[in-house]
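Indexing begins at 1, ligand by ligand and atom by atom, following the structure's order. Remember, predicted model here, so these are calculated numbers, not experimental data.
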Amino acid sequence: KFNFTKSGFIGFGEFRSMWNNWIAKILWPRSALIVVDVQNDFISGSLSINKCPAGQKAEEIVPIINHLIKDVKFHEICFTYDWHPEDHISFLENIRLRKVIEKNGKPLVNNGTNDPVADVQILDIVTFEGPPKIVQKMWPKHCVQNSSGAALHSDLKVDSKAIKIYKGTNSLLDSYSAFWDNLKLNATSLDHELKSRNITDVYICGLAYDVCVTATAIDALELGYRTILINDASKGVDINEISKSKDKLISKHCVIVESNEVKNMV
Ligand code: VGL
Ligand code: ZN
């Protein structure tokens with residue numbers, strides 16, 4: 001057997017890596033639109049972005065996304081679902097199901113009451129006893145599997161051929177990114193679905209800008225996709241956090257565009 005790598009030729013693994021990371025992106029770019037969590041609970045339901053500190057109108061993105069689906073020739077379209085079991089760790093309603101050891105970075109003190117978690121509120125960050133220790137932002141109960149709140153917005157144009165990804169299905173672990181859970185212990189099938197269809201470029205939009213949209217874009221960059229975030233097709237929880245998310249994404253070479261620019265890119 002000849003060892004081509006040692007004699008100066010490139011091996012198959014090296015060729016594949018060059019193909020994925022450099023050659024295909026130039027010679028054979030293929031684009032996917034990833035629509036993150038455009039579900040009723042984030043629009044009109046329990047975790048309505050309209051009622052969050054940023055005061056953005058989540059439903060405004062629906063016609064924008066429909067236009068993108070209709071007018072832009074994406075090779076693939078993917079819809080992600082936040083898809084939690086009833087006893088999910090992120091629900092404030094479930095805080096007594098597990099032992100809390102810290103709140104917002106400070107040890108939880110039992111100040112005379114025997115209910116030290118009584119004053120924990122939505123958006124507080126609590127630490128649950130491990131192992132593994134879980135640091136978790138608390139949210140109201142949302143997107144329970146098969147509930148109407150977990151359904152996609154009814155105006156959204158969903159093709160039956162679209163890829164569907166369900167995340168946050170493990171009770172003990174939240175999942176903001178559509179690629180990995182928050183501890184990167186388990187991957188969803190999204191990377192495999194995209195790579196097996198030779199997708200090189202991902203266009204990401206949806207809800208919430210500063211939570212699941214940003215987490216998905218950061219993982220897409222890390223997984224080697226050319227990553228474009230569609231600004232006006234995404235709405236978020238907190239203006240400050242949205243601004244920090246954009247800075248972080250740009251520093252990692254994500255491209256942030258408006259929806260009317262996408263047609264000339266794909
Ligand atoms: C999300 C909070 C909790 C999101 C999901 O889709 O951005 N946010 N779960
Ligand atoms: Zn969630």
What protein heavy atom is closest to [atom], reported as residue, atom name and distance in Å?
{"atom": "atom 5 (C) of ligand 1", "result": "Asp82 OD2, 3.0 Å"}
{"atom": "atom 4 (C) of ligand 1", "result": "Cys212 SG, 2.8 Å"}
{"atom": "atom 8 (N) of ligand 1", "result": "Val211 CG1, 3.6 Å"}
{"atom": "atom 2 (C) of ligand 1", "result": "Trp139 CE2, 3.3 Å"}
{"atom": "atom 6 (O) of ligand 1", "result": "Asp37 OD2, 2.6 Å"}

What donor-acceptor contacts under 3.5 angstrom involve side-chain atoms of residues 152-162, with partners at least two apart or in another chain?
from   : atom 1 : to     : atom 2 : distance (Å)
His153 : ND1    : Asp155 : N      : 3.1
Asp159 : OD1    : Lys161 : N      : 2.7

Taking distance alone, no hydrogens or angles, what donor-acceptor pairs closer than 3.5 Å link side-chain atoms of residues 235-243 to residues at least two apart or in another chain?
from   : atom 1 : to     : atom 2 : distance (Å)
Lys235 : NZ     : Glu60  : OE1    : 3.4
Asp238 : OD1    : Asn240 : N      : 2.9
Asp238 : OD1    : Glu241 : N      : 3.2
Glu241 : OE2    : Lys244 : NZ     : 3.2

- Classify the angle between the aromatic ring planes of Trp28 and Trp19 as parallel (below 30°), tilted (30 to 60°) or perpendicular (above 60°).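 Tilted.
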
- Location of contacts on Lys137 toward ligand 1, heavy atoms closer than 4.0 Å: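 Lys137 to ligand 1: no contact under 4.0 Å from either part.
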
- Contact partition for Leu207 relative to ligand 1, non-hydrogen atoms under 4.0 Å: backbone

Might you confirm whether atom [atom1] of [X] has over 12 heavy atoms from other residues, nucleotides or ligands at distances under 6.0 Å?
{"X": "His67", "atom1": "NE2", "value": "no"}
{"X": "Lys99", "atom1": "NZ", "value": "no"}
{"X": "Lys51", "atom1": "NZ", "value": "no"}
{"X": "Arg197", "atom1": "CZ", "value": "yes"}

- Query: Can a non-hydrogen atom of His142 be found less than 4.0 Å from any atom of ligand 1?
  - Reply: yes

- Can you check whether Ala208 has an N/O within less than 3.5 Å of an N/O in ligand 1? yes

- Message: Please give the remaining members of the hydrophobic cluster of Val144, linking ILVMFWY side chains under 4.5 Å, ordered by chain and number.
- Response: Phe91

- Item | Protein N/O/S atoms closer than 2.8 Å to the Zn ion (ligand 2) |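 Listed by chain and number: Asp82 OD2, His84 NE2, His142 NE2.
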
- Item | Test item: side-chain donor near acceptor, Ser259 and Asp232, under 3.5 Å |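 Yes.
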
- Task: Using side-chain hydrogen bond (donor to acceptor under 3.5 Å, both in side chains) as the criterion, point out the one residue from Asp174, Thr188, Asp82 that pairs with Lys167.
- Result: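 Among the candidates, only Asp82 passes.
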
